[in-house]
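Because the structure is predicted, anything quoted here is derived from the model rather than measured. We count ligands from 1, going down the list as the structure has it; atoms in each ligand are counted the same way. Hydrogens, waters and symmetry mates are skipped; everything else that's a heavy atom, side chains included, is used.
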Amino acid sequence: MSQSTKQTDNTTSQQTHSGFVAIIGRPNVGKSTLMNFMIGQKVAIMSDKPQTTRNRIHGVLTREEGQIIFMDTPGIHKPKHKLGEQMVRTAIDTLNGVEAVLFIVDATMPKGAGDEYIIEILKKVKDTPVYLLINKVDIVEKNTLLGIISSYKDDYPFAEIIPISAKTGDNVDRLVDNLMDRLPEGPYYYPPDMVTDHPERFIIAELIREKCLHHTREEVPHSIAVEIERMQFREEKDMLVVYAAIYTERETQKAIIIGKQGALLKKIGQLARHDIERLMGSKVYLELWVKVKEDWRNREHMLRNFGFSEE
Ligand SMILES: Nc1nc2c(ncn2[C@@H]2O[C@H](COP(=O)(O)OP(=O)(O)OP(=O)(O)O)[C@@H](O)[C@H]2O)c(=O)[nH]1
Ligand SMILES: [Mg+2]
């Protein structure tokens, strides 16, 4: 591009703002729900089970005035296995090099040791504005909300304290406007139509895992990992063909996932296929297997295989 063209661009279009924003908090507070709402598409899976998100997930929001790259992170918790340790490390490492931090707490729960632990971590991140977002206001009384706000407000010099609902979108626009204003001037880092930089393969594996999470309880959801073994677009059938393996840690968990006469596995397959079709905009043939990898959450090489290696 010639210098003169560049100058013309600058004078005709307004300067954009852009930057990276970390979303952190305890498990299950609504981090992924908020990110998906803001970017208007499901790139991070969501469930009512704590520790749903296991990797850092990028979601890109583009508006005329700028671009925000949100980094959804695993919930910060007391880890009980190597996977958990890796997840917490991922969340904490994300705080370095971002332009703002969204610290989400759950309005339905009083401040706990987990939140205090996160506040201590935030105190070490200097010069980065931290927003305290009190989420799930759609299901709390006003008085409870006021109590939650006052229990946090003196803990840290928060840039803003905003009660929101990631589910209904209450106050989310206000939050995004505020972030856009605060971010430094900068270019779009990604093309405007891009919502994430994760490969489709990763999102597809996550969508399958999400359906498993929705239909299992207790330790089973946590013991699941999904690996896409083969993925191919069949031109002649205008169809994406996906072969994926669902890993559990024990034979008993495998039996639960398969269900009576394969009923649960079939249901998981149908629901996941529906989501994958929506994501890809084409017909999908999905074949699922269930396999056992004992204690994979504590085995370094398995964690690496499943993509939880140190970055
Ligand atoms: N009522 C209500 N429920 C919400 C809201 N935001 C999230 N939830 C629910 O809270 C649960 C957890 O949401 P997630 O977005 O998966 O939470 P997360 O913080 O990403 O959780 P982890 O990935 O496990 O750390 C889900 O059942 C959501 O539907 C909200 O604003 N209001
Ligand atoms: Mg999440």
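- Looking only at heavy atoms of the protein, atom 28 (C) of ligand 1 is closest to Thr33 OG1, 3.9 Å.
- Among the atoms of Thr73, no N, O or S atom falls under 2.8 Å of the Mg ion (ligand 2).
- Salt-bridge annotation for Arg297 and Glu219: present, with a side-chain N of the basic residue lying under 4.0 Å from a carboxylate O of the acidic one.
- Remark: minimum distance from atom 31 (O) of ligand 1 to any protein heavy atom is reached at Ala166 N, 2.9 Å.
- Counting all heavy atoms, side chain and backbone alike, Ile57 lies closest to Val43 at CG2-O, 3.8 Å.
- Residues Leu133 and Val29 share a hydrophobic cluster, clusters being chains of Ile/Leu/Val/Met/Phe/Trp/Tyr side chains in contact below 4.5 Å.
- Considering Ser32, Ser47, Gly169, Ala44 only, the shortest heavy-atom separation from atom 16 (O) of ligand 1 involves Ser47.
- Contacts with ligand 1 closer than 4.0 Å are made by heavy atoms of both the backbone and the side chain of Asn28.
- Ser32 lies close to the Mg ion (ligand 2), since one of its N, O or S atoms is found at a distance under 2.8 Å.
- Side-chain atoms of Thr196 come within 3.5 Å of backbone N or O of His58 as a donor-acceptor pair.
- Those atoms of ligand 1 with a heavy atom of Pro50 less than 4.0 angstrom away are 24 (O).
- Of the protein's non-hydrogen atoms, the one nearest atom 1 (N) of ligand 1 is Asp138 OD2, 2.9 Å.
- Judged by distance alone, the side chains of Thr53 and Ser32 do bring a donor and an acceptor atom under 3.5 Å apart.
- In Glu229, the CD atom is crowded: over 12 heavy atoms of neighbouring residues, nucleotides or ligands sit closer than 6.0 Å.
- Between Tyr247 and Phe306, the gap from one ring centroid to the other is short of 6.0 Å.
- For the pair Thr73 and ligand 1, the shortest N or O to N or O distance does not fall below 3.5 Å.
- At the top of the distance list for atom 25 (O) of ligand 1, counting protein heavy atoms only, stands Lys31 NZ, 2.7 Å.
- For ligand 1, one of its N or O atoms has an N or O atom of Gly30 under 3.5 Å away.
- Val60 approaches Gln67 most closely through the heavy-atom pair CG1-NE2, 3.5 Å.
- Remark: ligand 1 and Gly75 share an N or O pair separated by less than 3.5 Å (distance only, no angle test).
- Below 3.5 Å of separation, one finds an N or O of Thr52 facing an N or O of ligand 1.
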Exercise for review: Could you please spell out the steps behind the side chain to side chain contact (heavy atoms under 4.5 Å, CB included) verdict for Ile204 and Leu240?
Suggested key: CA-CA 11 Å; Ile204 290 173; Leu240 178 74; 4.2 Å; yes
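- Nearest residue to atom 4 (C) of ligand 1 from Gln51, Lys136, Arg26, Met87 is Lys136 (criterion: closest heavy atom).
- A salt bridge links Arg26 with Asp115: the distance from a Lys NZ or Arg NE/NH1/NH2 to an Asp or Glu carboxylate oxygen falls below 4.0 Å.
- Considering backbone and side-chain N/O atoms, Ile139 never comes within less than 3.5 Å of an N/O atom of ligand 1.
- Not a single N or O atom of Val137, backbone or side chain, sits closer than 3.5 Å to an N or O atom of ligand 1.
- For Gly25, the closest heavy-atom approach to ligand 1 does not fall below 4.0 Å.
- Residue contacts with ligand 1, taken as heavy atom pairs separated by less than 4.0 Å, involve Asn135 solely via side-chain atoms from C-beta onward.
- A 4.5 Å side-chain heavy-atom check between Trp296 and Asn305 finds every atom pair outside the cut-off.
- Remark: ligand 1 atoms within the under-4.0 Å shell around heavy atoms of Asp48 are 27 (O).
- Of the candidates Lys167, Met35, Met46, it is Lys167 that places a heavy atom closest to atom 29 (O) of ligand 1.
- Using a 4.0 Å cut-off between charged nitrogen and carboxylate oxygen, Asp106 and Lys136 count as a salt-bridge pair.
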